[in-house]
Amino acid sequence: MIDIQDLRVSFGDGGDAVTAVDGITLSVREGESFGLVGESGSGKSTVLRAVSGLNDDWTGRIAVAGADQGPKRQKAFYKLCQMVFQDPYGSLHPRHTVDRILAEPIAIHGLDDADARIDRVLRDVGLGPAFRFRYPHQLSGGQRQRVAIARALVLEPRVLLLDEPTSALDVSVQAEILNLLRRLRAEHGLTLVLVTHNLAVVANLCDRLAVMNRGRLVEEMTVEELRRGAAREPYTLQLLRASLGYDRATAESFRDYA
Amino acid sequence: MTARTDTQSAGWREWLTTDTPQSRAQARLGRAWAGWTAFRRNRLAVAGLLIVLALVVVAALAPVLAPHHPYAQDLNNRLMPPSAVHWLGTDAFGRDILSRLIHGARLTLMIVTLVAATAPLAGLVIGTVAGYFGGWVDTVLMRITDIALAFPKLILALAFVAALGPGIENAVIAIAITSWPPYARIARAETLTVRRADFISAARLQGASSLRIILGHIMPLCVASLIVRTTLDMAGVILTAAGLGFLGLGAQPPLPEWGAMIASGRQYVLEQWWVAAMPGLAIFIVSLGFNLLGDGLRDVLDPKGD
């Protein structure tokens with residue numbers, strides 16, 4: 001479904017240039033749920049932004065659903081591939097009602113039957129019609145993230161890109177959103193690409209994952225291998241140890257992997 | 001009867017303040033109601049609103065309210081002090097100052113409305129376009145803004161009026177041309193704070209065009225500060241118009257424009273103070289009204305408020 005070959009992204013020019021993504025090759029199969037894991041600054045979100053079309057300054061090859069994508073995307077691409085952002089407090093327009101937020105993509109793509117679509121997608125994400133005319137400030141964090149997911153789903157995409165969709169939420173709400181995503185994936189046959197630093201979230205939602213460090217792909221593995229702790233690379237093992245919780249001896253044993 | 005009216009109004013209030021509006025209109029009205037509730041708490045702002053509303057009413061009903069015709073001369077009764085017949089006295093041609101002030105409210109309101117409808121709009125478009133696109137678009141538009149800002153406002157307006165010819169329409173055009181740059185600056189600053197926001201990225205990812213994003217997503221976030229700034233600037237617009245009138249470049253005689261009225265009264269200001277003081281008082285009260293209103297609107301419309 002998604003094919004990335006030798007993707008490189010750098011910010012800045014000349015001597016100040018920082019290479020955020022340094023030659024990544026990976027592919028995600030149709031209907032698969034793929035996790036992209038790494039610490040802050042590893043370039044995982046940058047990969048997602050390049051795939052989604054938000055970042056148009058990259059080299060390499062990105063193909064989605066068999067079609068090569070250039071830096072500028074066609075309208076049809078956005079109907080195929082949508083994204084959910086990390087912070088539900090920043091991803092909803094503060095002056096738009098839920099109704100307006102969900103009606104906008106329908107209007108842009110000229111789809112018919114807006115009312116029915118909005119009702120259906122609100123029910124889909126577990127918000128009733130009662131929420132339809134509320135403003136974001138009248139919603140909790142979890143409800144906002146549900147609205148953001150509804151906005152991504154209203155165009156009925158086949159690929160959903162998730163940029164740390166739960167890390168801005170309370171732990172109890174995180175579980176709700178993860179359950180929602182798992183159900184939506186099953187119901188709509190979605191292909192998910194999830195970026196996170198949280199290995200528990202990956203183990204919960206994904207089939208396969210790739211570990212990134214300093215803009216490079218360190219290792220690809222299945223969730224089964226992740227659960228068994230069967231990582232081959234020392235960096236992945238360190239990440240696994242780090243995810244178990246803080247412990248002074250463990251922290252002191254950490255080293256930098258360039 | 002009273003009890004029924006009470007429950008009725010309570011029902012309306014509930015309908016307006018509900019957390020679960022049933023329609024677009026209800027959501028919008030509820031939002032407006034919340035704004036009005038916040039605005040009402042500021043007594044001075046309400047006073048400002050009343051002054052502005054009074055100006056509108058006076059301008060609308062000028063022929064009915066004015067006790068005399070604004071141009072009716074009576075050379076036997078020139079420069080009369082305030083009395084029962086002429087409440088605010090008469091000017092050098094024996095015209096009733098109160099009637100002239102009431103008719104002048106129309107001119108003032110016209111100037112204010114025309115400037116408020118043009119300059120902030122131009123500034124909003126230029127500022128949001130510059131801020132959203134950045135790069136060379138931003139550079140070009142902002143340098144033009146800088147150049148326009150570098151001129152002293154009244155002097156530039158004077159130059160325009162001198163070029164276009166004196167008259168109230170040309171004064172309005174001159175004021176509008178000289179007052180858009182600050183609005184462009186504000187709109188650009190607001191745009192820069194939101195253009196990298198996730199909700200703008202989300203709109204782009206839905207395939208929204210730049211036009212749609214600027215009109216539907218960025219402008220609504222800029223208008224609040226522009227409305228506040230515009231109301232606060234209205235006092236300055238009235239004063240600039242009065243200043244141009246005072247210099248003889250704005251409204252031409254016998255139009256009862258307040259600034260021109262002060263100018264014609266200045267020869268008598270020591271002996272017959274009311275001729276210049278009464279229009280001055282009118283300008284003062286209306287400017288104060290706009291300032292108080294703007295201050296109250298700032299509290300209500302502050303986008304960081306919610």
Side-chain angles (χ1 to χ4, degrees), chain A residues 48-49 51-56 72-110 128-139 144 147-148 151-152 154-155 157 161 163 168, chain B residues 15-35 38 128 133-135 190-191 193-227 300-306:
Chain A
L48 208 64
R49 291 176 76 88
V51 173
S52 70
L54 275 180
N55 186 337
D56 54 13
K72 298 264 181 279
R73 303 295 155 88
Q74 302 299 312
K75 227 184 201 179
F77 171 83
Y78 298 118
K79 194 158 181 328
L80 175 75
C81 176
Q82 280 289 317
M83 179 160 163
V84 174
F85 293 84
Q86 170 174 7
D87 179 12
Y89 290 88
S91 67
L92 302 181
H93 196 287
R95 289 264 186 267
H96 289 175
T97 58
V98 173
D99 174 67
R100 168 95 197 262
I101 291 168
L102 299 178
E104 179 110 348
I106 299 177
I108 292 171
H109 291 266
F131 288 89
R132 182 162 166 188
F133 297 103
R134 288 199 190 181
Y135 285 94
H137 68 87
Q138 295 168 314
L139 303 173
R144 285 175 189 231
V147 173
R151 171 177 59 193
V154 79
L155 290 175
L161 308 173
D163 187 4
Chain B
W15 187 81
L16 282 168
T17 54
T18 176
D19 258 351
T20 54
Q22 300 302 312
S23 68
R24 267 160 235 196
Q26 191 183 355
R28 215 167 288 144
L29 284 173
R31 201 184 167 83
W33 175 256
T128 47
F133 288 106
E190 295 273 337
T191 307
T193 61
V194 300
R195 75 169 185 151
R196 297 256 171 248
D198 279 350
F199 56 83
I200 301 295
S201 299
R204 280 173 55 201
L205 285 188
Q206 285 152 16
S209 59
S210 298
L211 182 71
R212 182 184 276 273
I213 291 177
I214 290 177
L215 283 179
H217 295 251
I218 290 180
M219 281 192 182
L221 294 174
C222 300
V223 284
S225 23
L226 282 190
I227 289 176
V300 176
L301 294 175
D302 183 8
K304 286 112 203 157
D306 40 57

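In what follows, chains carry the letters A, B, and so on, assigned in the order in which the sequence lines appear, proteins first and then strands, with residues in each chain numbered from 1.
- Residues B:Phe199 and A:Leu92 form no side-chain contact, since every pair of their non-hydrogen atoms from C-beta on lies 4.5 Å or further apart.
- Contact tally against chain B (heavy-atom pairs below 4.5 Å) for A:Arg132, A:His96, A:Lys75, A:Gln138: the top residue is A:His96.
- The shortest side-chain heavy-atom distance between B:Ser201 and A:Met83 does not fall under the 4.5 Å cut-off.
- For B:Val223, the side-chain contact (heavy atoms from CB on, under 4.5 Å) partners at least two apart in sequence or on another chain are B:Leu124.
- In plain terms, the two heavy atoms of A:Ser91 and B:Ala202 that are nearest each other are O-CB, 4.4 Å.
- Looking only at side-chain heavy atoms (C-beta outward), A:Gln82 and B:Gln206 come within less than 4.5 Å of each other.
- When A:Ala76, A:Ser52, A:Ala152 are compared by the number of non-hydrogen pairs under 4.5 Å with chain B, A:Ser52 comes out ahead.
- Of the inter-residue distances, the one linking A:Leu54 atom CG with B:Arg204 atom CZ reads 5.5 Å to the nearest 0.5 angstrom.
- Side chains of B:Asp198 and A:Gln86 form no contact here, defined as non-hydrogen atoms less than 4.5 Å apart.
- Applying the side-chain hydrogen bond (donor to acceptor under 3.5 Å, both in side chains) test to every pair with at least one member in residues 210-219 of chain B, sequence neighbours left out, gives these pairs: A:Glu104-B:His217.
- If you take CZ on A:Phe133 and CZ on B:Arg28, they are separated by 10.0 Å, rounding to the nearest 0.5 Å.
- Residue A:Arg95 comes nearest to B:Pro220 through the heavy atom pair NE-O, 4.4 Å, listed as atom of the first residue, atom of the second, then distance.
- Contacts between A:Arg100 and chain B at a heavy-atom distance below 4.5 Å involve the side chain alone, from C-beta outward.
- Put simply, NE2 on A:His137 and CZ on B:Arg31 are 5.0 Å apart, with the number rounded to the nearest 0.5 Å.
- Scanning all heavy atoms of the two residues, the minimum distance from B:Gly216 to A:His93 falls at O-NE2, 4.4 Å.
- Counting heavy-atom pairs under 4.5 Å between each of B:Gly207, B:Ala197, B:Ser209, B:Ala203 and chain A puts B:Gly207 at the top.
- Contacts between A:Phe77 and chain B at a heavy-atom distance below 4.5 Å are absent for every atom of the residue.
- For B:Gln26, no part lies under 4.5 angstrom from a heavy atom of chain A.
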